[in-house]
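I have placed the structure first, in the form of structure tokens, so that the comments after it can refer back to it.
Order of the sequence lines sets the chain letters (A, B, ...), proteins ahead of strands, with each chain counted from 1. The structure presented is a predicted model; accordingly, all values stated were derived computationally and were not measured.
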Amino acid sequence: MSSNTLTAAEASGPHKPAAGFEGDRQDNTVGGAVRGYLNKLRAGDLGALPAILGIIVLGIFFTVLRPDTFLTPLNLSNLLVQATPIIVLAMGLVFVLLLGEIDLSAGVISGVCSAVLAQLLVQVGVSWPIAVLAAIATGAVIGVFTGTLVGIIGIPSFVVTLALFLGFQGVTLRIIGQGGTVPVREPVIRALANENVPVTLGWVLAAVVAVAYAAFELWRWRSLKSRGLAHQPLALVVARVVLIAAVVFGVTAILSVDRALAAAIDLAGIPYAVPLVVVLLLVATFVLARTAFGRHVYAVGGNAEAARRAGINVTRIRVAAFMISSSLAAISGILATSRLSSVTPDAGAGNTLLYAVGAAVIGGTSLFGGRGKARDAVLGGLVIAIINNGLGLLGVAAYLNFIITGGVLLLAASVDALARRRAATARR
Amino acid sequence: MSSNTLTAAEASGPHKPAAGFEGDRQDNTVGGAVRGYLNKLRAGDLGALPAILGIIVLGIFFTVLRPDTFLTPLNLSNLLVQATPIIVLAMGLVFVLLLGEIDLSAGVISGVCSAVLAQLLVQVGVSWPIAVLAAIATGAVIGVFTGTLVGIIGIPSFVVTLALFLGFQGVTLRIIGQGGTVPVREPVIRALANENVPVTLGWVLAAVVAVAYAAFELWRWRSLKSRGLAHQPLALVVARVVLIAAVVFGVTAILSVDRALAAAIDLAGIPYAVPLVVVLLLVATFVLARTAFGRHVYAVGGNAEAARRAGINVTRIRVAAFMISSSLAAISGILATSRLSSVTPDAGAGNTLLYAVGAAVIGGTSLFGGRGKARDAVLGGLVIAIINNGLGLLGVAAYLNFIITGGVLLLAASVDALARRRAATARR
Amino acid sequence: MSAPVESTTPPALERPTLSLRGVNKSFGAVQVLHDVHLDVYPGKVTALVGDNGAGKSTLIKSIAGIHPIDSGTVEFEGKPVQLNGPRDAARLGIEVVYQDLALADNLDVVQNMFLGRERKQGIVLDEASMEEAARDTLAKLSVRTLKSVRQLVSSLSGGQRQTVAIAKAVLWESKLVILDEPTAALGVAQTRQVLDLVRRLADTGHAVVFITHNMVDVFEVADRVAALYLGRVAADVPISDVDRTQIIELITSGRSGELGLAPDALED
Amino acid sequence: MSAPVESTTPPALERPTLSLRGVNKSFGAVQVLHDVHLDVYPGKVTALVGDNGAGKSTLIKSIAGIHPIDSGTVEFEGKPVQLNGPRDAARLGIEVVYQDLALADNLDVVQNMFLGRERKQGIVLDEASMEEAARDTLAKLSVRTLKSVRQLVSSLSGGQRQTVAIAKAVLWESKLVILDEPTAALGVAQTRQVLDLVRRLADTGHAVVFITHNMVDVFEVADRVAALYLGRVAADVPISDVDRTQIIELITSGRSGELGLAPDALED
Amino acid sequence: ACGGDDSGNGGGEAGGGEAAAGKIGVILPDTASSARWESADRPLLEAAFEEAGVEYEIDNAQGDKQRMATIAEQMITEGVTVLAITNLDSASGAAIQQQAEQQGVQTIDYDRLTLGGESDYYVSFDNTEVGRLQGQGLADCLGDEAANIAFLNGSPDDNNATLFSEGAHEVLDPMTQYTQVAEQSVPEWDNQQAATIFEQMYTQAGGDIQGVVAANDGLANAVVSILGRNNAAGQVPVTGQDATVEGLQNILAGNQCMTVYKPIEEEANALAELAVALVNGEEPQVDGSVEDVEGDREVPSVLLDPVSITRENVKQVIDDGYQTAADVCTGEYAAACTELGIS
Ligand SMILES: Nc1ncnc2c1ncn2[C@@H]1O[C@H](COP(=O)(O)OP(=O)(O)OP(=O)(O)O)[C@@H](O)[C@H]1O
Ligand SMILES: Nc1ncnc2c1ncn2[C@@H]1O[C@H](COP(=O)(O)OP(=O)(O)OP(=O)(O)O)[C@@H](O)[C@H]1O
Ligand SMILES: [Mg+2]
Ligand SMILES: [Mg+2]
């Protein structure tokens with residue numbers, strides 16, 4: 001007789017076998033959903049928790065130390081605008097990090113692109129939409145180049161982007177000229193970080209966002225329910241919609257207050273950069289979570305060989321991710337340019353990149369690929385911006401500034417690592 | 001009847017089964033050894049080849065462009081001294097890279113340690129051996145700290161060392177004082193990079209190295225042969241010994257020429273920093289290739305879980321590797337201090353680390369762990385130093401300098417990647 | 001040169017789905033496949049047997065386009081084809097279950113099963129329909145201990161992973177299905193299901209290549225047997241032409257009576 | 001609570017090498033092992049059987065110290081022990097061949113076999129003696145297709161890797177040897193050798209735990225059978241007390257006649 | 001700018017009792033390009049503001065323009081009414097000043113004029129003048145004989161470095177006895193790189209360099225240590241800037257020809273006086289005005305003269321209290337100090 005042949009009677013046995021998939025028949029009560037979430041936390045999957053905790057703790061800390069200034073509308077609007085370049089850069093990096101790659105040159109690419117923008121506006125004198133498109137196109141082309149070296153030739157991305165980090169510093173220097181600075185006085189570009197959406201329009205936008213979100217969530221809930229698939233309880237969906245709406249309207253309300261310090265001046269409304277970031281966040285989230293491309297990005301990051309064998313064009317995914325990253329770096333460069341109204345030869349060098357990587361990681365994106373979300377960049381970027389903003393208010397010595405920033409980064413990473421370790425199951 | 005049971009007769013079959021291990025009975029002729037090496041190259045294992053090619057090509061390039069100066073004894077001695085800090089830093093990084101980790105803070109650690117050295121010498125006024133020991137101990141302690149965070153808490157090293165990169169910049173700033181510079185006029189420290197071994201002593205040292213190497217190689221050849229294990233043909237061993245001796249004596253001869261530009265001055269001998277690097281190279285090579293610790297470093301880099309299951313104390317290996325890396329960073333910092341006879345608050349920041357990582361990678365060390373040698377740091381460091389040295393002689397504009405350095409790094413990495421890809425066998 | 005002793009001519013009427021002619025493959029200096037001839041017929045299960053390290057997995061990875069071959073020709077349905085990557089193989093209708101299961105650990109079971117061929121509505125992924133289909137397929141394969149199809153693959157047991165890989169391959173209507181030791185990690189009931197499945201695939205006209213070390217399985221499902229010995233095809237015959245002892249001899253020594261490699265081929 | 005129906009008392013005279021009492025293990029919310037009792041005796045081969053995902057690998061990883069257990073006690077040679085890592089297990093004399101073979105791909109065969117227990121002369125590695133020992137051990141396991149013991153493990157076939165992992169475990173004189181589906185990827189001759197080896201180990205007084213899905217192997221080498229059903233021990237009896245059909249019933253449904261889990265245990 | 005002035009003054013006068021509510025903010029540029037910002041400017045300004053009893057805040061942008069903008073925003077948020085900045089470049093400075101202007105904050109350019117900005121006042125040394133002093137100093141050390149000279153400029157992305165170099169060229173270019181054999185910039189003012197760059201210049205020139213214009217004392221020290229390696233220290237005059245301990249010691253040892261001393265105390269006090277006057281709503285005293293070519297406006301200015309320091313007048317730096325004898329006259333330098341009457 002054979003070891004592996006078995007009659008049907010033998011296989012079914014005297015008792016009815018367990019039918020399997022009992023995990024998919026989870027209870028749809030609020031309690032069940034909460035239990036599920038706690039289980040996820042217990043299993044070490046903290047998601048956005050460290051970043052959100054970080055924002056809250058740092059917020060309380062600085063509010064206590066600088067009660068008069070930290071929570072003022074003026075400072076909050078400053079904070080948001082300060083965070084935007086870092087958030088956008090980090091959002092691009094998330095795509096690359098998801099693949100398990102790194103782009104050390106993202107910072108200097110934002111420099112090159114803003115140099116292109118500035119020279120086109122100032123030297124060539126083109127109109128702003130052309131200059132912006134050219135800057136983003138420059139980013140995209142650079143990204144394709146990087147992606148090609150990584151994806152087709154197969155050089156580790158750390159090395160490629162390290163070389164490009166050095167090389168592009170030279171390119172920016174060449175475009176801008178030694179010691180030079182190119183002032184960008186173009187009103188539309190300047191407006192991005194320096195002007196605000198009219199108050200009424202701001203409220204309209206906020207309402208649109210809140211309603212659209214609510215409609216989408218409820219539609220999704222209904223469609224899952226009707227197909228008999230796992231879905232969250234309605235109460236939880238409603239709670240989430242209410243929370244998001246509260247945040248959106250809250251921020252809008254704060255930013256709609258006149259925050260000018262001098263009485264004669266009027267300064268209110270959402271800075272243009274903020275809705276720009278919201279739009280980028282929505283698009284990036286959609287691409288990563290709901291499209292085949294996004295799925296393939298996660299697959300390549302998780303196991304590139306498996307992805308290849310599944311017929312995914314791994315090279316194309318790599319090139320595309322680097323293209324997206326560099327294009328977002330270009331947008332980040334434009335935001336930074338807008339803030340300073342100028343571009344200098346060292347734009348994007350220094351610690352720019354490290355802050356952006358730190359933001360993505362604090363937000364919850366893994367450096368080993370396969371785990372991360374677009375929102376990580378926003379949350380992590382806010383943490384980094386709050387640290388800088390708060391320390392600015394405190395006016396601590398330069399050396400402390402370095403040490404504290406490093407310390408917070410370390411702390412956020414430890415929380416994540418410890419949770420993961422506690423739940424460690426020797427997964428490899 | 002069973003599928004997996006088999007009588008002895010069945011198992012052996014009518015013909016004699018192939019006995020296996022035929023690859024171990026390789027021919028001991030020179031031809032066989034050469035074929036073996038070519039096979040290795042064909043299989044994509046280029047080893048030190050890209051770096052050696054790089055040194056030769058760059059050497060020819062700069063000799064053609066600057067025939068009067070590049071190959072002069074003076075410039076060669078400059079080149080060696082310029083390369084030492086980068087080589088030592090890279091050698092430390094090799095240990096960390098072998099684990100598949102990265103130490104972004106190695107550069108600033110060298111800064112912190114040299115700040116400690118300088119302040120001990122200048123402010124406290126201790127003698128140089130104590131100051132040097134204290135600096136290296138500082139490096140070691142920092143390394144243990146980093147290693148603990150990575151190995152015990154389990155934070156990815158990229159994040160830990162990113163945070164420390166920021167934090168330690170603050171520490172150096174604090175130790176040195178903002179904007180300050182601490183001059184180090186201690187004669188022994190200064191001598192490291194600025195004085196030379198007396199010519200006669202230099203020749204004696206060279207002879208000792210050459211003879212010791214020859215003796216070791218021949219002893220090893222005999223012992224392998226006598227145990228009937230795979231060994232290279234004697235001719236090849238002798239050829240290698242002769243080559244190494246030629247390099248050692250050649251370098252000594254060149255550096256023993258009086259290279260002073262002014263006739264009145266006497267300037268000859270091997271700079272002290274060079275034998276220091278040779279000693280470090282020998283020790284590091286021994287540790288990695290011939291001790292259980294070295295073996296375990298490779299194992300952890302190749303498959304940390306397998307190493308853990310084999311009973312290796314993975315944490316201890318990680319901590320030790322970071323400790324070694326940071327201690328070597330401290331020595332690198334001392335060499336850099338010696339060169340300038342002073343320490344500045346931004347010591348070790350900027351591109352220091354990137355050059356060192358680049359050196360290790362050009363030399364042949366993998367960023368994914370498990371592949372690399374101590375000599376990679378030396379070869380790669382020489383490539384980087386030749387670029388800087390040669391471009392300095394050419395006097396090119398700063399922007400070109402950046403671009404060319406990036407370009408060469410990219411080129412060296414491409415050669416390696418292409419060879420590997422050509423032989424790609426979808427190993428994962 | 002080495003050549004199998006032609007003992008039986010394949011049925012003259014039928015055109016093989018896949019046929020390999022003189023395929024060679026080396027890794028660096030090590031030649032793993034020597035001049036391989038192999039025909040795989042529609043509606044038939046071809047058992048590919050051979051010792052550990054004989055080159056079975058290398059052969060099927062060459063067919064799948066994962067290792068490009070060094071020389072030789074591959075014909076698919078009578079037309080010569082170039083296989084430069086798994087995408088080429090998939091386009092032709094070749095589906096493979098690899099011995100080193102290729103699953104993305106960070107994705108869940110459903111996501112892995114539909115990887116590379118996601119169902120979409122417009123550009124949006126159709127998660128619901130994929131989840132249903134995955135659950136149905138797995139249920140058919142007698143998977144009873146899996147908690148959820150939304151579980152990450154990293155948390156599965158060895159056999160569960162094996163089942164997911166098999167389920168993934170049979171989701172698609174392919175002309176040629178290759179399974180590299182699919183039952184190695186499976187339990188008794190699951191093995192039963194997979195053997196039935198293999199038979200069913202062949203009976204519905206698919207060509208199937210089935211690699212195994214288990215002789216009972218070979219005799220239960222295979223129509224033809226191909227034996228590899230040190231990278232050479234020692235025999236490629238209908239199952240009716242050989243018995244268990246002969247196959248084991250072919251595996252362990254490359255020859256069995258009239259069958260197998262010519263003695264001189266064994267020398268070089 | 002679930003408890004196996006005590007059908008046979010173990011030989012009263014002999015002290016088990018390893019005995020587990022009430023061991024529980026969860027991953028997050030998923031409880032994989034429920035209150036496991038298991039005794040492993042010196043000089044005996046204990047076959048550990050169970051369906052895919054029953055928890056066999058999890059159980060032996062707990063014994064090896066890879067997954068710390070949540071509750072319960074582990075006694076080794078009568079003394080309660082804490083297993084917090086593979087080093088603890090190795091120190092006690094427990095050697096494990098894992099289902100997901102743990103080999104370092106960037107090292108060669110010899111280096112892998114001696115990993116963590118290198119032979120030294122002073123502080124210098126004694127490569128020559130390790131190479132000789134490795135070659136001898138592998139030759140004993142009927143490895144014939146391996147080109148060189150200095151080959152990188154990354155270039156080995158599935159079965160060759162399996163053999164290296166087994167060879168690695170038997171190099172050391174351990175009191176307890178655990179093999180998790182060691183023959184899954186092996187060829188016919190190699191399987192034969194491993195079965196012989198398992199028997200030989202037991203006959204020389206070692207305690208052996210042998211996980212497999214192959215009933216023939218169970219009956220050939222095992223002295224005792226322990227069946228896991230959904231993380232619970234359904235039976236832990238001498239092989240003479242059960243037949244093939246009973247074992248399969250225990251595996252697939254947790255019960256077989258008098259043997260197995262009490263019906264109420266199956267409910268929860 | 002006038003309107004801004006008026007409203008600021010008006011505000012100050014209207015609430016005379018609330019004058020203390022005004023606050024001065026100072027943003028210094030970095031810690032790397034020069035030693036002065038943190039070691040001199042900050043303490044001097046702090047002392048002056050304390051004495052005047054005004055509220056103030058001082059921060060350092062650490063060479064990061066984004067950071068400077070952030071700090072500026074923070075300070076405005078904190079209610080600063082007079083903001084002095086040392087810009088990292090004109091355009092980013094102008095952006096800060098525009099924002100300040102919007103918020104009714106008065107701005108002062110400290111040490112560097114923000115071209116095209118909105119600053120109400122300018123307090124500075126003349127950077128081109130610094131370069132001129134360096135050029136002249138080198139010429140004085142070299143004398144009339146023919147000589148090969150090399151330029152080691154500051155960071156290529158630092159506008160001040162360009163001004164220093166321009167000033168030096170202005171003086172040295174017409175002097176035909178000198179041949180300019182090499183000129184390079186040092187990225188990020190990195191002293192290690194400076195050493196390599198100079199070493200290569202020197203080797204390339206076959207050691208035939210008789211004088212070096214180094215943009216500051218850090219670069220000068222790199223040059224000196226390379227010359228030392230070639231046993232040529234002391235034979236080649238080198239310029240510097242900032243009168244650091246290191247630079248002064250090099251001068252005392254005869255290894256460096258000169259440094260440019262910017263009596264920072266004067267500059268800091270000038271700034272403090274101006275800022276305190278503004279914060280108290282008084283009319284500040286100015287010497288004249290400087291033209292902002294880009295913004296096409298005249299900026300009321302307080303201008304101070306840099307001083308060339310050679311071995312002979314090292315004493316002045318120490319007498320000013322800018323450096324202490326204890327720091328400078330250590331060990332081997334004690335003798336020289338005694339000789340020059342420094343204590
Ligand atoms: N890290 C983990 N996280 C969550 N669940 C896990 C994890 N590891 C294993 N499991 C689950 O535990 C159960 C038992 O797994 P285990 O690997 O022990 O099974 P097994 O008996 O060895 O099966 P096989 O015969 O297939 O190897 C499976 O249902 C598996 O999904
Ligand atoms: N990348 C590689 N580099 C060098 N040699 C390789 C490589 N891959 C496989 N080999 C060798 O090729 C031979 C055939 O390997 P293959 O995996 O095809 O065997 P197999 O027949 O599938 O064996 P098994 O039954 O053990 O799975 C083996 O000797 C192996 O060592
Ligand atoms: Mg195989
Ligand atoms: Mg298992």
Side-chain angles (χ1 to χ4, degrees), chain A residues 1-8 10-13 17-26 43 45 98 100 223-224 226-231 286-287 289-296 298-315 366 368-371 425 427-428, chain C residues 64-66 85-91 96 98 100-107 111-112 114-118 120 123-125 127-129 131-132 135 138-139 142-155 168 183 186 188-195 214-217 219-220:
Chain A
M1 272 319 301
S2 131
S3 62
N4 289 44
T5 53
L6 186 72
T7 62
E10 272 183 340
S12 69
F21 311 127
E22 63 272 19
D24 289 340
R25 287 186 296 280
Q26 68 199 31
D45 183 2
L98 276 178
S223 101
L224 280 177
S226 70
R227 300 190 65 154
L229 292 165
H231 58 276
F286 173 80
V287 168
R290 306 242 167 263
T291 67
F293 171 75
R295 178 67 41 83
H296 295 177
Y298 283 95
V300 172
N303 184 340
E305 180 62 19
R308 188 168 87 95
R309 294 191 188 170
I312 293 173
N313 190 334
V314 174
T315 309
S366 161
F368 304 113
R371 185 167 59 85
T425 54
R427 284 181 221 150
R428 289 198 292 131
Chain C
I66 294 199
R87 288 154 56 72
D88 291 347
R91 213 173 295 123
V96 185
Y98 296 93
D100 49 345
L101 314 169
L103 300 172
D105 272 357
N106 62 328
L107 299 185
Q111 291 171 342
N112 263 291
F114 282 85
L115 196 57
R117 282 172 286 198
E118 289 81 4
K120 288 175 237 176
I123 58 162
V124 185
L125 294 175
E127 297 285 356
S129 116
E131 186 171 326
E132 282 166 3
R135 201 177 285 125
L138 284 170
S142 214
V143 176
R144 293 165 306 174
T145 49
L146 201 65
K147 293 275 182 316
S148 160
V149 289
R150 287 298 180 186
Q151 202 172 349
L152 292 190
V153 160
S154 61
S155 71
K168 177 180 175 184
T183 59
L186 293 191
V188 191
Q190 292 81 353
T191 301
R192 179 71 268 147
Q193 299 297 332
V194 169
L195 291 180
N214 189 311
M215 289 309 125
V216 182
D217 291 357
F219 280 94
E220 194 189 331

Heavy atoms only, distances under 4.5 angstrom: which of Gly369(A), Gly301(A), Gly311(A) has the most pairs with chain C? Name it, please.
Gly311(A)

Does any part of the side chain of Val149(C), heavy atoms only, come nearer than 4.5 Å to the side chain of Glu131(C), both counted from C-beta?
yes

Between the side chain of Thr183(C) and the main-chain N/O of Leu186(C), is any donor-acceptor distance below 3.5 Å?
no

Which region of Leu107(C), side chain (C-beta onward) or backbone (N, CA, C, O), has a non-hydrogen atom less than 4.5 Å from a non-hydrogen atom of chain A, or is it both or neither?
side chain

Contacting moiety of Ala90(C), where chain A heavy atoms sit under 4.5 Å:
neither

Sequence neighbours left out, what passes salt bridge (charged side-chain N to carboxylate O under 4.0 Å, His left out) with Arg87(C)? Give chain and number order.
none

For Leu115(C) and His296(A), which heavy atoms make the closest approach, and how far apart are they?
CD1-CD2, 4.4 Å

Is it the backbone or the side chain of Phe293(A) that comes under 4.5 Å from a heavy atom of chain C, or both, or neither?
neither

